[in-house]
Amino acid sequence: MAVGIDELLERERGHLRRLTPAEAAAAVSESGAVLVDIRYAALRERDGTVPGALVVERNELEWRLDPLCEYRLPEATGHDLQVIVVCNEGYASSLAARSLQALGLARATDLIGGFQAWAAAGLPVTAPSRS
């Protein structure tokens, strides 16, 4: 049975406890959650980054965060890690978070509104470098 992307997104988001920018910032500072920025380089160069966020482009996400994978990042310490996936506007991050949940990262979720909402909320952003 074919499903459109809007229906798929709604269905997958039903399995997430998505976080607002303020909730995500609190989870990082209070609980040690890890923000993972999956935006591609051109967006990071245009808009900047969240200080302390891991940058893992979408096509490498599962390999870098799977605690069982030999290509994991040092931060991928176990399946109980709280991961908050950040994309540009909060769409691709929902599907990415669900993929991480399928790997056993049950606390994976995403940021409502993505990087744009984080910046609009006045949370810390490292400005892009200008050449």
Asks: Is a donor from one side chain sitting under 3.5 angstrom from an acceptor on the other, for Ser94 and Glu12?
Replies: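 No, because no side-chain N or O of Ser94 sits under 3.5 Å from a partner of the opposite role on Glu12.
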
Asks: Transitively linked via ILVMFWY side-chain contacts under 4.5 Å: Leu54 with Tyr40?
Replies: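 Per the 4.5 Å side-chain linkage, Leu54 and Tyr40 are not co-clustered.
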
Asks: With rounding to the nearest 0.5 angstrom, report the CG to CG distance, Asn88 to Leu43.
Replies: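 So the gap between those two atoms works out to 4.5 Å.
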
Asks: Take Leu61 and Val36, measure what side chain to side chain contact (heavy atoms under 4.5 Å, CB included) needs, and give me the verdict at the end.
Replies: CA-CA 9 Å; Leu61 183 68; Val36 179; 3.8 Å; yes

Asks: Could you measure the distance from the CD1 atom of Ile84 to the CZ atom of Arg107? Nearest 0.5 Å is fine.
Replies: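 Result: 9.0 Å between the selected atoms.
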
Asks: A side-chain contact here means heavy atoms from C-beta on lying under 4.5 Å apart; do Leu35 and Val85 qualify?
Replies: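 Leu35 vs Val85: side chains apart.
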
Asks: Ala106 and Gln101: which non-hydrogen atoms are nearest, and at how many Å?
Replies: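 Heavy atoms only, the tightest pair is O-NE2, 3.7 Å.
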
Asks: Keeping the roles fixed (side chain from Glu23, backbone from Thr20), state whether a donor-acceptor pair exists under 3.5 Å.
Replies: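 Side chain of Glu23 to backbone of Thr20: a pair is present.
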
Asks: Linking I/L/V/M/F/W/Y whenever any side-chain heavy atoms sit under 4.5 Å apart, do Val28 and Leu123 land together?
Replies: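 Same cluster: Val28 reaches Leu123 through Ile, Leu, Val, Met, Phe, Trp or Tyr contacts under 4.5 Å.
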
Asks: Side-chain contact, heavy-atom cut-off 4.5 Å: Arg46 with Pro128?
Replies: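 Result no, sub-4.5 Å side-chain heavy-atom pair not found.
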
Asks: For Ala53 and Asp37, work out which heavy atoms get closest and say how close.
Replies: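 Heavy-atom minimum between the residues: CB-CB, 4.5 Å.
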
Asks: In Å, rounded to the nearest 0.5 Å, how long is the span from OG1 of Thr126 to CG of Asp47?
Replies: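 Here the interatomic distance stands at 12.5 Å.
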
Asks: Between Glu57 and Ile38, is there a side-chain heavy-atom distance shorter than 4.5 Å?
Replies: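 No - every pair of side-chain heavy atoms lies 4.5 Å or more apart.
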
Asks: Report yes if the side chains of Arg98 and Leu16 come closer than 4.5 Å at any heavy-atom pair, otherwise no.
Replies: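 They are in side-chain contact.
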
Asks: I need the Leu105 CG to Asp66 CG distance, nearest 0.5 Å.
Replies: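 That separation rounds to 7.0 Å.
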
Asks: Are His79 and Leu68 close enough, and set up right, to give a side chain to side chain contact (heavy atoms under 4.5 Å, CB included), and what steps lead you there?
Replies: CA-CA 9 Å; His79 288 98; Leu68 303 177; 3.9 Å; yes

Asks: Judged by atom type as modelled, is there a donor-acceptor pair below 3.5 Å linking the side chain of Arg18 to the main-chain atoms of Asp110?
Replies: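 Not confirmed, Arg18 side chain does not pair with Asp110 backbone.
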
Asks: Between Leu73 and Val56, is any pair of side-chain heavy atoms under 4.5 Å apart?
Replies: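 Yes; the side chains approach each other to less than 4.5 Å.
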
Asks: For Ala108 versus Ala97, what's the shortest heavy-atom pair and its separation?
Replies: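 Minimum heavy-atom separation between Ala108 and Ala97: CB-O, 3.8 Å.
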
Asks: Counting C-beta onward and ignoring hydrogens, is there a side-chain heavy-atom pair between Leu65 and Arg72 closer than 4.5 Å?
Replies: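 A side-chain contact is absent here, since even the closest heavy-atom pair is not under 4.5 Å.
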
Asks: Identify the two heavy atoms, one from Ala76 and one from Arg64, that lie closest to each other, and give their separation to 0.1 Å.
Replies: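 For Ala76 and Arg64, the tightest heavy-atom pair comes out as CB-O, 3.6 Å.
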
Asks: Under 6.0 Å from the ring centre and within 45 degrees of the ring axis: does the NZ or CZ of Arg39 meet both conditions for the six-membered ring of Phe115?
Replies: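 Yes, a cation-pi geometry.
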
Asks: Would you indicate whether the side-chain heavy atoms of Leu81 and Pro67 approach each other to under 4.5 Å?
Replies: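 No, side chains not in contact.
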
Asks: Does any part of the side chain of Thr109, heavy atoms only, come nearer than 4.5 Å to the side chain of Val83, both counted from C-beta?
Replies: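 No, every pair of side-chain atoms sits at 4.5 Å or beyond.
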
Asks: Can you give me the closest heavy-atom contact between Cys87 and Ala92, atom names plus distance?
Replies: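 Here Cys87 and Ala92 meet closest at SG-N, 3.6 Å.
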
Asks: Taking atom CG of Leu9 and atom CG of Leu95, what is their separation to the nearest 0.5 Å?
Replies: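 Going from the CG atom of Leu9 to the CG atom of Leu95 covers 5.5 Å.
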
Asks: Is it the case that the side chain of Thr49 and the backbone of Arg44 share a donor-acceptor pair, with hydrogens and angles ignored and the cut-off at 3.5 Å?
Replies: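 No.
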
Asks: Verify, without hydrogens or angle tests, whether Trp118 (side chain) and Ile112 (backbone) share a donor-acceptor contact under 3.5 angstrom.
Replies: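 Not a single qualifying donor-acceptor pair exists.
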
Asks: Does Glu10 have more than 12 heavy atoms from other residues, nucleotides or ligands lying within 6.0 Å of its CD?
Replies: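 Count not over threshold, so no.
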
Asks: Measure the spacing between CG of Leu8 and CZ of Arg13 and express it to the nearest 0.5 Å.
Replies: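 It comes to 10.5 Å.
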
